[in-house]
2 protein chains.
Amino acid sequence: MAEPSEARTGPTGSDTGAPRDRGEKLTARGDERKALILDTALRLFERDGYEKTTMRAIAREAGVSVGNAYYYFDSKDHLIQAFYDEVSDHHIVRALTSMRPHRDLGARLAADLHAWIDVAEPYRAFATQFVKNAVDPNSPLSPFSPESKPTRDKVIEVHRRVVLGSNAKIDPEIAESLPDLLWMHHMGIVLFWVYDRSPDARRTRELVDRTAPMVARVIRLSRFKMVRPLFREADKLIRDFLLPGDEPADRG
Amino acid sequence: MAEPSEARTGPTGSDTGAPRDRGEKLTARGDERKALILDTALRLFERDGYEKTTMRAIAREAGVSVGNAYYYFDSKDHLIQAFYDEVSDHHIVRALTSMRPHRDLGARLAADLHAWIDVAEPYRAFATQFVKNAVDPNSPLSPFSPESKPTRDKVIEVHRRVVLGSNAKIDPEIAESLPDLLWMHHMGIVLFWVYDRSPDARRTRELVDRTAPMVARVIRLSRFKMVRPLFREADKLIRDFLLPGDEPADRG
DNA sequence: CCTCCGAGTTGAACGCGTTCAACTTCTACT
DNA sequence: AGTAGAAGTTGAACGCGTTCAACTCGGAGG
């Protein structure tokens, strides 16, 4: 399989299964190195923004070669995935703590979302890029991508706790997919936050304070017979369309 | 792409006074040239997708130099703006026609959305890129950008007609912001459509058929006293947060 | 005729993300 | 110790979007 290096003709791609950084074996030193590169990248992203930070700058600052950065991360985007993981982890801890004193569903939800804003705020400068990539179905950063599933599941689990720890009485039939609904509400808030230019995301916080009680009120409505069919159908819809359930295999 | 290059100057009429991209003087020959480049670009986007189509390929295919393409369009993204305008214009015509026979709000909404899918379907291959850019607040492609306002207003106007032509009885207080709500529903459908991999967007159409009646049902609910406060608050929320209201910016 | 000027046009060049063949270092096993 | 092979590392090179100094062209004024 010897191809002349200068004639780079033909379709190179379509081999989508790049097993570069996946669960491959990394030595202890490799783990260190990977962390070093990631930390450097996030620091530069925070300081200069995502687009203005070059892979060459990251490599130089971390004291490695460009190629080496690519040995640990498949792409520049993958570095953002790591950022998202980090934010998510911090969010989980903070959210569970801050919602603990509350029993009211709206209050718990608001605490949850405020916790997210607290954690994510330092990175707002380059969060745009995250959302931009998240919206691309082919990106590993897509919320529906296999790569994102573990993180996403963890976040949804938080929303489950929001519901479970509350004193709200909820139609058990819709209770199960409620966390996913709340997750979507969360995503909406995130989208607003990305656009938000007010200092300290004050406007997003205001939005949270006003939507959280509303969401709680809507959920409380589900007990009434008049609207129950509507809720059932909405629930079914969400299950059918938004939750992939079990997609057998993508590349195997 | 049924319209020949001649149609380029006609239908928009709204120059928006945007001095953004070469709003400078263009000779007759310049207009032709610009249209030629645009048509070539859209054709290649449709054939090969957005990312795989290079500016060099567009230039070569159109018989001009790369630099010349940049003389008429500030960036590759700006070519997509043109695509969005075109889709919107066709959608408006088709939607108004196809919803005319219906009086039921759900049916009218479904007709509207199906019309959009019909028009946009050929471009699904590179629609991802549009959404990706649309989500960037700094992009001229953002739905909230001044550049997009004329197009967006036209689309929202269609949604106003959806409501006005129906026999639904709606709390007048919420009726006014209803078009914007429907527009957001539309955006949600678009987002799903971008992810949709089913042939002919069948799954998105299914989603439309199921959500449109639901939306209509929710709107019908607004008459009931029990939920009216909730609707009022939701309405106020939308006004306060999602509609910029009075931006004293363009074209006095 | 020539000159001037600005719209139109060019392609080499820049900086970017990414790839790759070749190289070095470490680990495991004989 | 020796050695195979995996893990780690390198920088030049590729193709991309974009920029820019220099060019051509056409018509208005002398």
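Residue numbers begin at 1 in each chain, while the letters A, B, ... track the order of the sequences. Basis for what follows: all heavy atoms, side chains included, without hydrogens, waters or symmetry-related copies.
Proximity note for A/Y72 (side chain, C-beta onward) versus C/dG8, D/dG8, C/dT10: the nearest is D/dG8. Distances from the side chain of A/V66 to the nucleotides D/dT10, C/dT18, C/dT9 place C/dT18 closest.
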Intermediate values then yes/no, side chain to side chain contact (heavy atoms under 4.5 Å, CB included), B/H185 and B/L109: CA-CA 10 Å; B/H185 175 238; B/L109 183 56; 4.0 Å; yes

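An OP1 or OP2 oxygen of D/dT9 is reached within less than 4.0 angstrom by no side-chain nitrogen or oxygen of A/Y71. Remark: A/R29 is in phosphate contact with D/dT9, judged by side-chain N or O atoms under 4.0 Å from OP1 or OP2. Between B/R33 and the phosphate of C/dA7, there is no side-chain N or O to OP1/OP2 separation shorter than 4.0 Å.
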Could you write out each protein N or O paired with an N or O of nucleotides 22-24 of chain D at a distance under 3.5 Å?
none

Restricting both atoms to N or O, compile the protein contacts to nucleotides 15-17 of chain C shorter than 3.5 Å, with distance only.
from	atom 1	to	atom 2	distance (Å)
C/dG17	OP1	A/T53	O	3.3
C/dG17	OP1	A/K76	NZ	2.7
C/dG17	OP2	A/M55	N	2.8
C/dG17	N7	A/R56	NH1	2.8
C/dG17	O6	A/R56	NH2	2.7

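Taking all atoms of both residues into account, the shortest heavy-atom contact from B/A201 to B/I117 is CB-CG2, 4.0 Å.
Spacing between atom CD of B/E32 and atom C1' of C/dG8 amounts to 14 Å, rounded to whole angstrom units. Put simply, CD1 on B/I37 is 9 Å from P on C/dT10, counting in whole angstrom units. Between B/K34 atom NZ and C/dT9 atom P the separation is 13 Å, expressed in whole Å. In this structure, CG of B/N68 is placed 14 Å from C1' of D/dC20, rounded to the nearest angstrom. Rounded to whole Å, atom C1' of C/dT9 lies 14 Å from atom CG of B/L36.
By the side-chain contact (heavy atoms from CB on, under 4.5 Å) test, A/S65 is found to be paired with A/N68, residues two or more places apart in sequence or in another chain being considered. Checked against side chain to side chain donor-acceptor pair (under 3.5 Å), A/K154 has the following partners two or more places apart in sequence or in another chain: A/D89. Annotation: side chain to side chain donor-acceptor pair (under 3.5 Å) contacts of B/W193 (sequence neighbours excluded): B/E121. Every residue two or more places apart in sequence or in another chain that forms a side-chain contact (heavy atoms from CB on, under 4.5 Å) with B/V87 is listed here: B/F83, B/W116, B/V119, B/A120, B/Y123.
Using a 3.5 Å distance cut-off with no hydrogens or angles, the side chains of B/Y50 and B/D77 do pair a donor with an acceptor.
No more than 12 heavy atoms of other residues, nucleotides or ligands lie within 6.0 Å of CZ in B/R202, so this atom counts as exposed by the packing criterion.
The aromatic ring centroids of A/H91 and A/H114 lie 6.0 Å or more from each other.
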